[in-house]
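These notes concern the structure reproduced below.
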Amino acid sequence: MTTKRSRSLSSAAADSNAPQNGIASLLSPKAQGKRRVTTSSPPPHVGAPPNRLIIAIDLDSFYVSASRLLDPSLIGQPVGVKQKGLLATCSYEARALGVRKLSTVRDALRRCPALILVDGEDLTWYRRLSAKVWRLVRGVVGPWDGKVEKLGLDELFVDVTEMVDAHIRGREEGKTREDAGRVFFQVAPDSEPEAGFWYDTLGKPIGHVLPLDSHASSSEDTPSSTYRSRLILTTHLALHLRNLIHSQIGLTTSAGIAHNKVLAKLVSSRHKPAKQTLFLPRSAEDVVRFLDDEADVRAIMGFGGAIVSKMRESLGATSSEAAANDDASPPLSVSLARKAFPLAHLTTLFGPRLGIRLHGLLRGLDDEEVAPTPLYPLQISIEDTYRGLKGQEVVAEQMRLLAASLLRRLEGELMGSGAGMLSSEPGKAEQMEKQDDRGKWQRHDMPLFLPGEQGNITGKEAPISDQKVIVRCYRERESDPSESSTWQRYPLTVRLSIRHGWGKRTSRSTAMPLDIFDVRTLSRRERAERLAGVLMGLLLRGGPGQGQGQGQISGEALLGGEGLNLINIAALNLATRRPAAQPLRTFFDAGGGGAARQKRDSVDMETLLQLPEDIRREVAAQYGIVLEEQEAVVGAEQESRLDTGCEEDEDDALWDDLPPIPAMDPSSPANIASSSLVCSHCGVAEAPWLQHDHARWPIYGVPAVLLGSATASEGSGA
DNA sequence: TGGGGTCCT
DNA sequence: AGGACCC
């Protein structure tokens with residue numbers, strides 16, 4: 001591809017050590033390296049033009065627009081989408097009334113009492129819509145090897161270099177349709193010749209152009225394949241993509257077009273909403289001048305809080321200024337950053353790799369590729385925040401709720417028929433629910449892109465605690481996994497992250513219990529129970545060096561001080577194939593042997609529970625089954641089948657009839673013993689939720705490898 | 001002061 | 001496992 005493109009461009013070598021003058025310095029170091037092989041050295045000021053064509057697309061106030069698709073009565077209103085105490089985003093009507101993005105709900109309401117609040121804590125709907133946009137764009141550029149990268153839920157990077165150059169090539173070969181000074185950009189390879197758009201050959205860009213005088217001053221006659229013409233053509237393609245997103249999904253977008261990601265993104269936010277901007281520099285000086293318009297270096301993607309804080313600190317040391325607080329201090333401007341931080345300074349502060357990168361970014365150099373977002377994510381996590389959650393029962397209860405929602409997401413996003421996410425083709429109705437006046441969830445099919453035609457729909461309005469305010473709330477309809485649906489990815493690892501009242505996050509991970517994949521034989525409640533048990537084990541395990549001796553639980557985590565502020569559960573390490581059974585069950589199996597797991601799978605749980613108690617216990621022990629758990633689960637399931645007719649309709653009622661996870665009090669061993677099995681390896685009796693991890697951490701804080709082949713007496717520290 | 005994600009060390 | 005970045 002590089003060679004193809006190099007032929008049609010005035011390709012020229014640009015040594016990466018050459019002074020960064022003229023257009024040559026627009027090139028990223030990487031691109032320079034690639035192209036260097038093609039020709040001999042050019043004058044430094046007329047190097048090859050940058051050759052990538054990047055579109056950054058930003059969905060305008062995404063959560064608000066998405067909410068308006070569900071509830072057209074929000075159109076034209078000042079709307080804030082809240083997550084707990086914070087406004088994730090707000091509508092432009094709200095911004096006109098003084099509401100700011102990321103302000104507190106309290107603050108926003110003070111400024112704008114008429115603000116309509118929408119609950120945005122459940123991301124299901126936004127996630128679906130976001131994926132739909134991604135698929136739509138990828139469907140257009142994908143056939144030409146175009147790459148689409150999702151950044152969060154509301155931004156896309158699109159690399160259309162191949163696509164645009166292929167069109168130009170076709171045009172030069174006379175293969176395009178032309179009519180009265182216009183050319184048809186055919187967007188589908190061959191199958192749909194009508195898919196595409198017409199553009200005029202005058203070389204006029206669509207939308208805004210920066211720098212302001214750039215386009216006017218370059219009216220020279222240039223071949224269509226110069227980088228300026230290619231960028232201008234790209235603005236037409238950007239408009240086409242934005243029109244598709246608007247017509248097929250009903251969302252407006254802003255976009256930036258430039259030759260790299262960082263500039264495309266910067267420029268995309270210069271004109272919002274529903275506008276696009278092309279960055280068309282004539283020289284490196286143009287780039288630097290543009291960047292110097294930014295009063296805050298943080299506007300450049302890659303300069304985050306920690307980096308800027310460190311830079312300011314370093315600056316303060318030399319300019320004898322107080323190393324002030326992070327937020328209170330004035331922003332660091334791009335021009336000051338560039339002047340005050342030569343390459344050597346940056347590499348000293350941040351290491352060679354990051355230092356070089358930051359140095360380039362300050363000059364608009366960015367060689368970061370558009371990394372195609374894979375069909376399946378690398379991790380899926382859910383989290384919730386609390387105000388000092390403490391007490392084992394309370395924590396365990398939340399753990400079960402979180403485990404259940406994680407499983408719901410895993411089923412929704414990792415199961416399918418093989419093509420992945422079939423449930424959500426463009427144009428197909430999304431099945432959502434909203435609450436009626438009485439708080440009952442009602443079906444509400446959402447045909448996309450018909451805003452305003454739903455009549456007067458009002459979501460259920462719930463008061464939030466201290467404010468006399470209503471919050472509108474929507475949720476996804478539960479869909480039953482079809483018979484043909486199977487797991488497409490298997491998370492091998494589960495990670496628990498928590499935050500204590502004061503500090504930072506800490507996390508621990510362990511193997512995912514394989515039971516969660518048994519959607520056919522186990523209800524979600526059962527699987528959630530298993531997962532929650534594993535997570536409680538993770539929570540109580542404590543890190544190495546903590547809670548030694550008596551199997552002492554690091555109880556401060558649950559009981560002490562401020563309690564938990566945040567719980568996050570992540571499924572990661574997503575494998576394409578179902579993993580082999582873990583030896584965790586057999587570890588506790590009295591008879592040992594790898595066959596135990598298979599035998600256990602063949603046990604009919606309901607049949608087992610019919611047996612007389614003594615026999616039941618014996619069989620259960622042999623198969624590594626925790627009886628109390630199974631009894632409770634099966635019992636609850638039968639009960640709920642009896643009176644509801646088996647639909648899992650009410651989320652809230654789902655857990656009411658479940659017994660709590662047995663209390664894990666190390667000071668009462670009897671309690672443990674009554675609901676646990678004894679490890680055949682070291683003899684310790686473990687509560688159900690501690691069994692999973694026991695193989696790795698037989699005694700709290702003591703790794704298994706240090707124990708050697710412990711006897712029962714050595715191992716039973718509890 | 002949210003509920004997510006990615007990559008690097 | 002943690003820390004940085006992104007939204």
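Reminder, nothing fancy here: chain letters follow the sequence lines and each chain counts from 1. As the structure is a computational prediction, the values presented were derived from the model and not from experiment.
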5' to 3' contact window, DNA chain C with chain A (heavy-atom distance under 4.0 Å): dA1(C) to dC7(C)

Rounded distance in Å between the C1' positions of dT1(B) and dC7(C): 15 Å

With C1' as the reference atom in both, quote the distance from dC6(C) to dG2(B) in angstrom, rounded to an integer. 14 Å

Just checking, any donor-acceptor pair under 3.5 angstrom between side chains of T347(A) and H359(A)? no

List for me each residue that meets salt bridge (charged side-chain N to carboxylate O under 4.0 Å, His left out) alongside [X], sequence neighbours excluded, and say none if there are none.
{"X": "D296(A)", "answer": "none"}
{"X": "R338(A)", "answer": "D292(A)"}
{"X": "K84(A)", "answer": "D384(A)"}
{"X": "E149(A)", "answer": "K261(A)"}

Salt bridge (charged side-chain N to carboxylate O under 4.0 Å, His left out) pairs, two or more places apart, involving residues 86-97 of chain A: R68(A)-E93(A)

Counterpart residues, side chain to side chain donor-acceptor pair (under 3.5 Å), relative to S405(A) (two or more places apart): none

ring-ring contact (aromatic ring centres under 6.0 Å, His included) partners of Y63(A), counting only residues at least two apart: Y126(A)

Once each nucleotide of nucleotides 3-9 of chain B is scored for protein heavy atoms under 4.0 Å, what B/S/- sequence comes out, 5' to 3'? BSSBSSS

